[in-house]
Amino acid sequence: MEIVKANRMGIAKAVKILQGGGTVVYPTDTAYALGGIFNSRKAANKILKIKERRDPKFTLVASSFEQVKKNFNLNRGQISLAKKYWPSALSIVVSKKFAVRVPDNQVARALAKGVDKPMIATSANLSGQKTLYHSREIIRQFKNKKNVPDLLLDAGALKRIEVSTIVVVKKDKAEILRQGSVRLAAAAKVK
């Protein structure tokens with residue numbers, strides 16, 4: 001795993017790796033994420049091996065609301081929630097495999113903009129392990145592992161913020177699937 005600073009040069013290097021189907025650990029508005037381009041089967045398979053998990057359902061980050069609309073069909077309720085809460089740690093289920101958000105983190109948005117597609121943003125920890133908020137924790141976790149990310153965008157220590165809230169919109173209500181840092185009523189009305 002190569003380690004570079006989470007600056008303009010590091011982001012440019014990460015974008016090239018991602019465009020080739022590679023994987024990158026990067027900071028988000030909640031914690032470090034492990035990602036690849038969302039519709040790259042090569043990246044998704046590698047992420048599953050790295051995470052030591054089988055479930056191919058992922059959260060995604062996008063550079064903007066427009067990027068989400070370009071890649072997914074949103075209903076009125078999803079659009080309403082997105083306009084009200086993004087950028088933030090609110091992930092909205094947009095398909096059977098994906099929930100997406102526009103994060104309040106410039107590095108994550110720059111990566112998605114650089115590859116011109118939403119990015120997988122699964123937590124960088126191995127399945128069942130604690131959420132990782134510091135680059136040193138990432139390095140330690142992958143030290144003797146066979147399957148590792150291609151690159152770590154090192155932003156040092158991140159603020160310890162809860163994971164994203166995941167909601168699914170059914171008719172005119174948003175149902176919480178996972179409560180995280182964005183607080184909504186249990187069945188918030190959306191219009």
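We use all heavy atoms of the structure for the numbers below, so side chains are in, but hydrogens, waters and symmetry mates are not.
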Tell me whether I37 is reachable from V15 by hopping between hydrophobic residues (I, L, V, M, F, W, Y) whose side-chain heavy atoms are closer than 4.5 Å. yes
Using modelled atom types only, decide if a donor and an acceptor are shared between the side chain of T165 and the backbone of V182 within a distance under 3.5 Å. yes
Which atoms form the tightest heavy-atom contact between V61 and A121, and what is the distance? CG1-CB, 3.6 Å
How close do F142 and A124 get, heavy atom to heavy atom, and via which atoms? CZ-O, 3.7 Å
Before you tell me yes or no, could you show the steps for K145 and I50 under side-chain contact (heavy atoms from CB on, under 4.5 Å), namely the whole-Å CA-CA distance, both residues' side-chain angles and the distance that decides it to 0.1 Å? CA-CA 9 Å; K145 294 290 182 181; I50 292 168; over 6 Å; no
Taken to the nearest 0.5 Å, the spacing of Q129 CD from E137 CD works out to 11.5 Å
Check whether more than 12 heavy atoms from other residues, nucleotides or ligands sit under 6.0 Å from atom CG of D55, and answer yes or no. yes
Heavy-atom count around Q19 CD within 6.0 Å, excluding the residue itself: above 12? yes
Plane angle bin for F98 and F58 - parallel if under 30°, tilted between 30 and 60°, otherwise perpendicular: parallel
For the backbone of A112 and the side chain of Q67, can you confirm whether one donor and one acceptor N or O come within less than 3.5 Å of each other? yes
Who pairs with D150 by salt bridge (Lys or Arg N to Asp or Glu O under 4.0 Å), at least two apart in sequence or on another chain? K46
If you apply the rule side-chain contact (heavy atoms from CB on, under 4.5 Å), what do you find for M1 with V148, and how did you get there? CA-CA 6 Å; M1 176 173 65; V148 299; 4.3 Å; yes
Rounded at 0.5 Å granularity, tell me how far OG in S164 sits from CD1 in I92. 10.5 Å
Provide the closest heavy-atom pair for A174 versus L81 in the form atom of the first, atom of the second, distance. CB-CD1, 3.6 Å
Is there a path of hydrophobic side-chain contacts, each under 4.5 Å between heavy atoms of I/L/V/M/F/W/Y residues, joining L152 to L34? yes
Does K159 come within less than 4.0 Å of D29, counting only side-chain N to carboxylate O? no
So does N125 get a backbone contact from the side chain of K51, meaning a donor-acceptor N/O pair under 3.5 Å? yes
Heavy-atom distance under 4.5 Å between the side chains of S88 and D104, does that happen here? no
Residue list, side chain to side chain donor-acceptor pair (under 3.5 Å) with Q141, at least two apart or on another chain: none
Test side-chain contact (heavy atoms from CB on, under 4.5 Å) on I161 and S181 and set out the steps. CA-CA 7 Å; I161 297 173; S181 58; 3.8 Å; yes
From R160 CZ over to H134 NE2, what is the distance, rounded to the nearest 0.5 angstrom? 9.0 Å
Kindly determine whether S63 and K117 satisfy side-chain hydrogen bond (donor to acceptor under 3.5 Å, both in side chains), including the steps that lead there. CA-CA 8 Å; S63 63; K117 291 194 181 272; over 6 Å; no
Salt-bridge contact E162-R178 (side-chain N to carboxylate O under 4.0 Å): no
Give a yes or no on whether the backbone of I79 and the side-chain of K84 come within a donor-acceptor separation of less than 3.5 Å. no
Mind running side-chain hydrogen bond (donor to acceptor under 3.5 Å, both in side chains) on R53 and T122 for me, showing each step along the way? CA-CA 11 Å; R53 82 178 223 206; T122 187; 3.1 Å; yes
Look up atom CD1 in I47 and atom OG in S40, then write down how far apart they are to the nearest 0.5 Å. 8.0 Å
How long is the straight-line distance from OG1 of T30 back to CG of L158, given to the nearest 0.5 Å? 8.5 Å
Under a 4.0 Å threshold between the charged nitrogen and the carboxylate oxygen, would E2 count as salt-bridged to K16? no
State, to 0.1 Å, how close V94 and Q78 come at their nearest heavy-atom pair, and which atoms those are. CA-NE2, 4.0 Å
Residue set satisfying side chain to side chain donor-acceptor pair (under 3.5 Å) with K113, at least two apart, ordered chain then number -> none
Polar side-chain atom of K13 near backbone of L151 as donor-acceptor pair, under 3.5 Å: no
Could you measure the distance from the CG atom of N71 to the OG atom of S95? Nearest 0.5 Å is fine. 11.0 Å
Check step by step if salt bridge (charged side-chain N to carboxylate O under 4.0 Å, His left out) holds for E66 and K83. CA-CA 11 Å; E66 289 72 26; K83 286 184 175 181; over 6 Å; no
I want to check something: taking the side chain as every heavy atom from C-beta on, are R109 and N105 in contact at a cut-off of under 4.5 Å? no
Criterion side-chain contact (heavy atoms from CB on, under 4.5 Å) on V93 and V169, from CA distance to verdict: CA-CA 7 Å; V93 174; V169 177; over 6 Å; no
Heavy atoms of L18 and G35 approach each other most closely as CD2-O, 3.8 Å
Common cluster, L60/Y85, ILVMFWY with side-chain heavy-atom separation under 4.5 Å: yes
Applying a strict under-4.5 Å side-chain criterion to I, L, V, M, F, W and Y, I'd like to know whether I120 and I11 cluster together. no
When hydrophobic residues are tied together by side-chain contacts of less than 4.5 Å, even through go-betweens, does V100 share a cluster with V163? no
Which atoms form the tightest heavy-atom contact between Y32 and A155, and what is the distance? OH-N, 2.9 Å
